[in-house]
Amino acid sequence: MTKIRLHNTKTRRKEVFEPLDPQNVRMYLCGPTVYDRAHLGNARPVVVFDVLYRLLRKEFGADHVTYVRNFTDVDDKINATALARKEAGAVGTLEELIRERTEETIGWYHADMDALGALRPNFEPRATDYIGAMIAMIADLIEKGHAYAKDGHVLFRVRSYQNYGALSGRSVDDMIAGARVEVAPFKEDPMDFVLWKPSDDELPGWDSPWGRGRPGWHIECSAMSEELLWKKPLAEGHLSDEAKKFPHMFDIHAGGIDLQFPHHENEIAQSCCAHPHADGTPGEFARFWLHNEMLQVEGKKMSKSLGNFFTVRDLLDQGIPGEVIRFVFLQTHYGKPMDWTAEKAAQAETTLRKWYKLAETALDNEEPYVGVLNALTDDLNTAAAIAECWQLYHASDAPSLRASMSLLGLMSGSTPGWASLPDVDLSAYVVALADQRAKAMETKDFSAVDALKSALMAAGVEVRMSKAGVELLPGAGFDASKLPDV
RNA sequence: GGCGGGUUGGCGGAGAGGUUACGCAGCGGAUUGCAAAUCCGUGAAGACCGGUUCGAUUCCGGUACCCGCCUCCA
């Protein structure tokens with residue numbers, strides 16, 4: 001087996017990845033807040049960590065990887081949307097409208113990420129289905145002295161966890177000195193963060209020992225990763241003795257670099273304090289932390305005010321295929337900022353058309369090229385993997401190219417429709433063109449044959465004339481309605 | 001202010017202390033009535049200033065500029 005090496009944010013180094021239990025590799029990715037369509041930036045972690053998921057499945061076996069990606073469906077933006085609908089006269093309770101909104105958004109999300117070739121995770125828990133687990137965890141943190149209740153809020157006592165800031169390389173004192181923290185009367189320390197907050201009648205809420213309220217953002221990931229990556233496999237007997245030596249731990253936790261602080265830092269604090277070692281010292285959590293860098297658009301941050309903000313669905317609706325979006329993502333290493341440009345998309349489409357044309361001549365059962373595999377096992381070097389695919393293309397190695405594209409998520413079963421040549425009968429044009437050409441060869445007057453040729457090219461037909469004869473192929477921009485009359 | 005990432009040839013984008021990245025575009029050639037497609041060949045680089053070294057784009061230090069986070073946005 002090839003050694004997989006991954007850049008671990010926790011140690012800031014590339015390390016050899018060895019799972020706690022090769023029979024059950026466990027990873028968690030912070031998923032979307034489901035208040036609206038996923039924008040392009042939301043898609044980057046989904047795609048890059050989908051490649052990781054595929055690689056892990058390849059190396060450890062498809063049935064030996066558990067991938068969890070959550071849906072955050074407790075959020076003020078969701079509440080605001082639901083409230084706006086209610087005020088606009090929508091029927092139903094606020095809770096129903098929220099459920100409606102999040103259901104709808106999850107459906108969009110699935111459709112959009114499917115289009116990008118991302119496999120569905122094994123579990124996609126919704127925060128609202130784990131409120132009980134969160135409340136239990138919060139109560140436990142209070143009992144252990146790591147959290148305190150005040151005025152209907154429950155806060156995590158940051159000073160109670162000595163390693164706070166280790167992931168992101170910050171110290172509590174420095175951050176307070178930097179002074180952009182919210183000072184609230186109910187906080188013991190300005191850096192303390194919310195585990196639970198009260199809800200008024202206009203907001204969704206759940207009963208808790210601290211009154212009706214809702215969870216803070218960070219606790220959901222701590223609770224759900226514990227439930228699905230530790231408790232559940234443990235209860236079902238899916239953990240080896242080796243894995244049981246590392247209670248509450250799992251292998252990989254991934255997300256965007258913007259989540260490094262505070263979100264992931266807070267997750268670590270909660271989980272490590274909730275699950276201490278036998279001697280009472282803080283426990284451990286995820287072993288590998290992977291973060292993808294941010295996405296830009298035409299060299300600038302994507303933002304609504306710059307007018308360069310768009311969703312995955314916007315691009316798909318513009319006719320940019322999901323495979324093309326995926327290819328553009330994979331051209332840049334996940335740890336570097338990535339720039340989305342229209343030109344890249346156009347080039348990616350050209351490349352993929354070439355590759356599919358070769359790859360579809362092979363069957364589906366070949367092993368991916370070792371060069372591609374080696375590139376991916378080296379910290380998911382997808383850019384290098386693509387370069388390796390070019391070698392396969394130039395060598396006309398269709399089976400290896402096809403298998404490699406599959407591993408990259410660019411080929412699932414068959415060539416996508418957009419890259420297939422339209423099935424049209426152009427034989428009448430072939431005859432006409434060959435006929436006119438033969439005449440022109442004698443008369444030396446090529447005006448008629450050139451006119452027909454340009455008309456065909458204008459309709460998106462690729463015209464090939466050689467000594468052997470005339471060949472017509474519908475090309476990328478083929479439009480049957482533009483075909484000339486013969 | 002604090003923390004982190006980046007700066008590679010016309011463009012995109014990797015690896016490696018000394019040996020061709022790769023793709024697109026360009027140029028030359030084959031092929032074609034002319035093209036297209038394809039194939040072959042080819043020029044071109046590592047922000048700036050120091051240091052380590054026989055040798056650095058690759059390691060170390062500094063400077064400049066860009067970007068992200070610190071404001072529940074991946």
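In this text, all values refer to a predicted model and were calculated from it rather than measured experimentally. Letters A, B, ... are given to chains in the order of the sequence lines, protein chains preceding strands, and every chain is numbered from 1.
Taking for each of A/Gly169 and A/Glu462 the nucleotide of RNA chain B with the nearest heavy atom, the 5'-most of the two is the partner of A/Gly169. Comparing A/Gly335 and A/Trp217 against RNA chain B, the residue whose closest nucleotide sits nearer the 5' end is A/Gly335.
Atom name P, nucleotides B/G6 and B/G62: the rounded distance is 16 Å, in whole Å. The C1' atoms of B/C11 and B/U63 are separated by 28 Å, rounded to the nearest whole Å. B/C65 and B/C49: their C1' atoms are spaced 15 Å apart (whole Å). Only the C1' atoms considered, B/G17 is 12 Å distant from B/C54, to the nearest whole Å. Taking atom C1' in both B/U71 and B/G9, one finds a spacing of 41 Å when rounded to whole Å. Rounded to whole Å, the separation between the C1' atoms of B/C59 and B/C22 comes to 26 Å. Taking atom C1' in both B/G61 and B/A56, one finds a spacing of 15 Å when rounded to whole Å. Taking the P atom of each, B/A35 and B/A30 are spaced 11 Å apart, rounded to whole Å.
In this structure, A/Lys354 reaches the B/U38 phosphate: one of its side-chain N or O atoms is under 4.0 Å from OP1 or OP2. Between A/His394 and B/G23 there is a side-chain polar atom (N or O) within less than 4.0 angstrom of OP1 or OP2. Under 4.0 angstrom from either OP1 or OP2 of B/G23 there lies no side-chain N or O belonging to A/Thr351. Under 4.0 angstrom from either OP1 or OP2 of B/A36 there lies no side-chain N or O belonging to A/Lys453.
Interatomic distance, A/Glu124 CD to A/Arg69 CZ, rounded to the nearest 0.5 Å: 5.0 Å.
In this structure, the NZ atom of A/Lys444 is 14 Å from the P atom of B/U32, given to the nearest Å. Atoms CG (A/Asp258) and P (B/C70) sit 8 Å apart, rounded to a whole Å. Atom pair A/Leu473:CG and B/U38:C1' shows a separation of 12 Å (rounding to whole Å applied). Between A/Arg437 atom CZ and B/G33 atom P there is a gap of 6 Å when expressed in whole angstrom units. Atom-to-atom, CE of A/Met294 to C1' of B/G68 comes out at 7 Å; the value is rounded to the nearest Å. The interatomic distance linking A/Met338 (CE) with B/C66 (P) rounds to 22 Å, in whole Å. Rounded to whole Å, atom C1' of B/C73 lies 15 Å from atom CD of A/Gln260. Taking atom CG on A/Leu330 and atom P on B/G23, their separation rounds to 18 Å, with Å as the unit.
Comparing atom distances between the A/Pro262 side chain and each of B/A74, B/G33, B/C70 picks out B/C70 as nearest. Closest to the A/Trp390 side chain, of the nucleotides B/G13, B/A74, B/C24, is B/C24. In the set B/A37, B/G2, B/A14, B/A37 carries the atom at the smallest distance from any side-chain atom of A/Arg464. Here the side chain of A/Thr33 is nearest to one of B/G5, B/A74, B/G23, namely B/A74. Candidate nucleotides B/G33, B/G6, B/C70 were compared by shortest atom distance to the side chain of A/Pro337, and B/G6 ranks first. Comparing B/C73, B/C70, B/G13 by their closest approach to the side chain of A/Lys344 singles out B/G13. Of the candidate nucleotides B/C22, B/G23, B/A14, B/C22 has the atom nearest to the side chain of A/Ala387. The listed nucleotides are B/A74, B/G15, B/G13; the one nearest the side chain of A/Asn381 is B/G15.
Across all strands shown, A/Ile386 has no heavy atoms under 4.0 Å from either base or sugar-phosphate atoms. Nucleic acid contact class of A/Asp75 (heavy atoms, under 4.0 Å, all strands): sugar-phosphate only. The residue A/Lys77 sits close only to the backbone: its heavy atoms come under 4.0 Å of sugar-phosphate atoms, none of a base. Residue contacts for A/His264: at a heavy-atom cut-off of 4.0 Å it reaches no nucleic acid atom on any strand shown. At a threshold of 4.0 angstrom between heavy atoms, the contacts of A/Gln296 are confined to the sugar-phosphate backbone, with no base atom among them. Using a 4.0 Å heavy-atom cutoff across all strands shown, A/Gln391 reaches sugar-phosphate atoms only and no base atom. Using a 4.0 Å heavy-atom cutoff across all strands shown, A/Arg170 reaches at least one base atom of the nucleic acid.
A/Lys150 forms no cation-pi arrangement with A/Phe186, by the criterion of a distance under 6.0 Å to the ring centre and an angle within 45° of the ring axis. Figure legend: A/Arg170 and A/Phe261 shown as a cation-pi pair, the cationic atom lying under 6.0 angstrom from the six-membered ring centre and within 45 degrees of its axis.
Between the side chain of A/Asp450 and the base of B/G33, at least one donor-acceptor pair of N or O atoms lies under 3.5 Å. Side chain A/His39 to base B/A74: a donor-acceptor pair is found below 3.5 Å.
Shown here, B/G68 forms a base pair with B/C3; the pair counts as Watson-Crick or G-U wobble because both key distances fall under 3.5 Å. In this structure, B/U31 makes no Watson-Crick or G-U wobble pair, since no nucleotide meets both defining distances under 3.5 angstrom. Under the Watson-Crick or G-U wobble criterion, with both distances below 3.5 Å, B/C22 is paired with B/G12. Using the Watson-Crick or G-U wobble rule with both distances under 3.5 Å, B/G61 pairs with B/C49.
Taking the O4'-C1'-N9-C4 or O4'-C1'-N1-C2 dihedral as appropriate, B/G46 has a value within 90° of 0 and is therefore syn.
Between A/Phe309 and A/His39, the gap from one ring centroid to the other is short of 6.0 Å. For A/His218 and A/Phe193, the ring centers sit closer than 6.0 Å to each other.
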Could you list the donor-acceptor pairs under 3.5 angstrom formed by side chains in residues 382-391 of chain A, with sequence neighbours left out?
from	atom 1	to	atom 2	distance (Å)
A/Thr382	OG1	A/Leu330	O	2.7

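The minimum heavy-atom distance between A/Ala348 and A/Val324, with the atom names listed, is CB-CG1, 4.0 Å. Residues A/Lys187 and A/Pro190 approach most closely at NZ-O, 3.5 Å, considering heavy atoms.
Between the side chains of A/Thr415 and A/Glu360, at least one donor-acceptor pair of N or O atoms lies under 3.5 Å.
Under the stacking criterion of a centre-to-centre distance below 5.5 angstrom and an interplanar angle below 30°, A/Phe446 sits stacked against the six-membered ring of B/G33.
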